[in-house]
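First the structure, in the form of structure tokens, and then the observations on it.
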Amino acid sequence: MTDPVYRRVVIKLSGEYLAGQQGFGIDQPTMDRVADDLIAARELGTEIAVVIGGGNIFRGVEVSSRGVSRPTGDTMGMLATMMNCLALEATIERKGTPAKALSAFVMPEVSELFTRAAAHKYLAEGRILLLGGGTGNPFFTTDTTAVLRAAEIGAEVVLKATNVDGVYSADPKKDPSATRFDRLTHSQAIEGGYKVMDATAFALARETSLPIIVFSIAEPGSIGAILCGAGHGTIVAG
């Protein structure tokens with residue numbers, strides 16, 4: 001494989017994906033494959049930080065619709081992202097690659113607090129960073145977290161790893177006539193209302209001039225392919 005196009009990236013990984021076919025919790029074979037892909041991508045020479053959702057364990061928006069306040073529900077969802085980070089950290093380190101989970105919350109018995117200085121230190125050491133706890137605030141998604149963290153640590157791109165190979169005009173699983181875009185501007189993504197990322201994330205990416213590449217995580221090696229400019233995805237930029 002050729003040299004990577006990007007030297008520092010933030011990868012946004014869906015929590016739901018980690019559940020595999022079981023639909024809830026953590027499917028260890030899926031976790032192992034994701035860890036293998038991240039390790040292979042790191043070995044290309046790219047510094048990697050990962051923001052993980054928590055939807056395989058808990059979704060704050062869903063519980064808040066059943067009577068729990070939105071801030072409380074979102075906080076519970078952010079704690080679920082920390083569970084995923086700790087599980088992925090353990091999986092990566094079991095395979096012999098150093099990793100480090102950082103939290104948006106102060107929880108010293110569990111994880112070190114995210115700061116830019118800590119992130120730069122561990123990236124320089126060659127660790128795969130796992131950034132949990134969302135932004136640390138309610139009403140923001142982990143999509144927005146990924147863009148925020150990328151801007152903070154000086155990443156060159158946000159890689160949105162999802163179940164489809166790019167941005168479509170509609171859900172391709174429900175609408176066979178949906179068309180796939182090779183490239184969109186941030187403004188087009190916002191105006192089109194495409195659900196692959198929320199509008200706040202796209203708006204922050206536009207403001208910070210961060211490109212986003214939406215690609216499918218389903219194929220082994222897809223992260224490395226995107227890093228080397230050979231992958232199949234939709235670029236949202238400009």
Practice prompt. Using the side chain to side chain contact (heavy atoms under 4.5 Å, CB included) rule, take Gln22 and Thr30 through it: C-alpha gap first, then chi angles, then the decisive distance, then the call.
Written response: CA-CA 11 Å; Gln22 62 193 31; Thr30 300; over 6 Å; no
Discussion item. Can you tell whether the side chains of Glu112 and Lys100 come within less than 4.0 Å, N to carboxylate O?
Written reply: yes
Item to complete: Mind checking the CZ-OH spacing from Arg33 to Tyr17? Nearest 0.5 Å is all I need.
Response: 3.5 Å
Practice prompt. Using the rule that two of Ile, Leu, Val, Met, Phe, Trp, Tyr join whenever any of their side-chain heavy atoms come within less than 4.5 Å, decide whether Ile128 and Phe114 are in one cluster.
Written response: no
Discussion item. Tell me if a side-chain donor or acceptor on Arg116 pairs with a main-chain N or O of Glu152 at a distance below 3.5 Å.
Written reply: yes
Discussion item. As a quick check of understanding, evaluate side chain to side chain contact (heavy atoms under 4.5 Å, CB included) for Glu156 and Val5, giving each step before the final call.
Written reply: CA-CA 10 Å; Glu156 297 166 276; Val5 176; over 6 Å; no
Discussion item. By the definition side-chain hydrogen bond (donor to acceptor under 3.5 Å, both in side chains), identify the one residue from Arg8, His120, Arg42 that meets it with Glu47.
Written reply: Arg8
Worksheet item: More than 12 foreign heavy atoms under 6.0 Å from NZ of Lys95: is that the case here?
Response: yes
Item to complete: Would you check if His186 and Val236 make a side-chain contact, meaning some heavy-atom pair closer than 4.5 Å?
Response: yes
Discussion item. Any side-chain to backbone donor/acceptor pair from Thr81 onto Gly132? Under 3.5 Å, distance only.
Written reply: no
Worksheet item: Got a sec: does the CD of Glu219 have more than 12 other heavy atoms crowding it under 6.0 Å?
Response: no
Fill in: Heavy-atom pair with the smallest gap, counting every atom of Lys160 and Ile212
CB-CG2, 4.3 Å
Worksheet item: Is there side-chain contact between Leu13 and Leu18, with heavy atoms separated by less than 4.5 Å?
Response: yes
Fill in: Same cluster (ILVMFWY, side-chain, under 4.5 Å), Leu148 and Ile190
yes
Worksheet item: Is there a path of hydrophobic side-chain contacts, each under 4.5 Å between heavy atoms of I, L, V, M, F, W or Y residues, that connects Met78 with Phe58?
Response: no
Discussion item. Quick check for you: to the nearest 0.5 Å, what is the distance between Ile57 atom CD1 and Phe24 atom CZ?
Written reply: 6.5 Å
Worksheet item: Would you say Phe140 and Leu204 make side-chain contact, with heavy atoms under 4.5 Å?
Response: no
Worksheet item: Mind checking who shares a hydrophobic cluster with Val106, ILVMFWY linked at side-chain heavy-atom distances under 4.5 Å?
Response: Leu113
Worksheet item: Just wondering, do Leu184 and Phe202 contact through their side chains at under 4.5 Å, heavy atoms?
Response: no
Worksheet item: Can you find a heavy atom in the side chain of Ile235 that is under 4.5 Å from one in the side chain of Asp182?
Response: no
Item to complete: Give a yes or no answer on whether the side chain of Asp165 reaches the backbone of Ser216 with a donor-acceptor pair at less than 3.5 Å.
Response: no
Worksheet item: Do you know which two heavy atoms are closest between Thr135 and Ala104, and how far apart they sit?
Response: C-CB, 3.9 Å
Discussion item. A side-chain contact here means heavy atoms from C-beta on lying under 4.5 Å apart; do Arg59 and Glu16 qualify?
Written reply: yes
Worksheet entry | Donor-acceptor contact below 3.5 Å, side chain Thr72 vs main chain Val68 | no
Worksheet item: What are the two closest non-hydrogen atoms of Val51 and Arg149, and how far apart are they?
Response: CG2-CG, 4.4 Å
Worksheet entry | Spacing of CG belonging to Leu88 relative to CG belonging to Leu130, to within rounding of 0.5 Å | 5.0 Å
Fill in: Check: Val158 and Pro211 side chains under 4.5 Å, non-hydrogen atoms
no
Discussion item. Once rounded to the nearest 0.5 Å, what's the spacing between atom CG of Leu123 and atom CD1 of Ile153?
Written reply: 5.5 Å
Worksheet item: Less than 6.0 Å separating the ring centroids of Tyr194 and Phe181?
Response: yes
Worksheet item: Taking a hydrophobic cluster as the set of Ile, Leu, Val, Met, Phe, Trp and Tyr residues connected by side-chain heavy atoms closer than 4.5 Å, whether directly or through intermediates, do Leu44 and Ile217 fall within one such cluster?
Response: yes
Worksheet, complete the sentence: Partner of Ile92 under side chain to side chain contact (heavy atoms under 4.5 Å, CB included), picked from Ile39, Val50, Asp36, is Ile39
Fill in: Test item: Pro4 and Thr46 side chains (from C-beta on) under 4.5 Å apart, heavy atoms
yes
Discussion item. The test is side chain to side chain contact (heavy atoms under 4.5 Å, CB included); show your working for Val9 and Leu227 and say whether it passes.
Written reply: CA-CA 9 Å; Val9 302; Leu227 290 179; 3.7 Å; yes
Worksheet entry | Flag, side chain of Asn84 to backbone of Gly15, donor-acceptor distance under 3.5 Å | no
Worksheet entry | Donor-acceptor under 3.5 Å (Ser111 side chain, Ala101 main chain) | yes
Discussion item. Under a 3.5 Å distance rule, please check whether Thr185 uses its side chain to pair with a backbone N or O of Gly238 as donor and acceptor.
Written reply: no
Item to complete: Walk me through it: do Thr200 and Thr144 pass the test side-chain hydrogen bond (donor to acceptor under 3.5 Å, both in side chains)?
Response: CA-CA 6 Å; Thr200 304; Thr144 300; 4.8 Å; no
Worksheet item: What distance do Arg206 atom CZ and Ser187 atom OG have between them, rounded to the nearest 0.5 Å?
Response: 4.0 Å
Response to the item:
All heavy atoms of Phe215 vs all of Ser222, minimum pair found to be CE1-OG, 3.6 Å
Worksheet, complete the sentence: Between Leu102 and Tyr122 the two heavy atoms that sit nearest each other are CD2-CE1, 4.1 Å
Item to complete: Among Ile52, Asp143, Leu131, find the residue that satisfies the side chain to side chain contact (heavy atoms under 4.5 Å, CB included) test when tested with Lys12.
Response: Asp143
Worksheet item: Do Ile48 and Val34 share a hydrophobic cluster (ILVMFWY, side-chain heavy atoms under 4.5 Å, transitive)?
Response: yes
Item to complete: Carefully, step by step, assess Thr97 and Arg127 under the rule side chain to side chain contact (heavy atoms under 4.5 Å, CB included).
Response: CA-CA 7 Å; Thr97 295; Arg127 295 176 184 257; over 6 Å; no
Item to complete: Look at atom CD of Gln21 and say whether more than 12 heavy atoms of other residues, nucleotides or ligands are closer to it than 6.0 Å.
Response: no
Worksheet entry | Heavy-atom pair with the smallest gap, counting every atom of Ala155 and Leu210 | O-CD2, 3.4 Å
Worksheet, complete the sentence: Value for CG (Leu79) from CE (Met83), rounded to nearest 0.5 Å, stands at 6.5 Å
Worksheet item: Can you list the steps and then say if Thr142 with Thr145 is a side-chain hydrogen bond (donor to acceptor under 3.5 Å, both in side chains)?
Response: CA-CA 5 Å; Thr142 46; Thr145 302; 5.9 Å; no
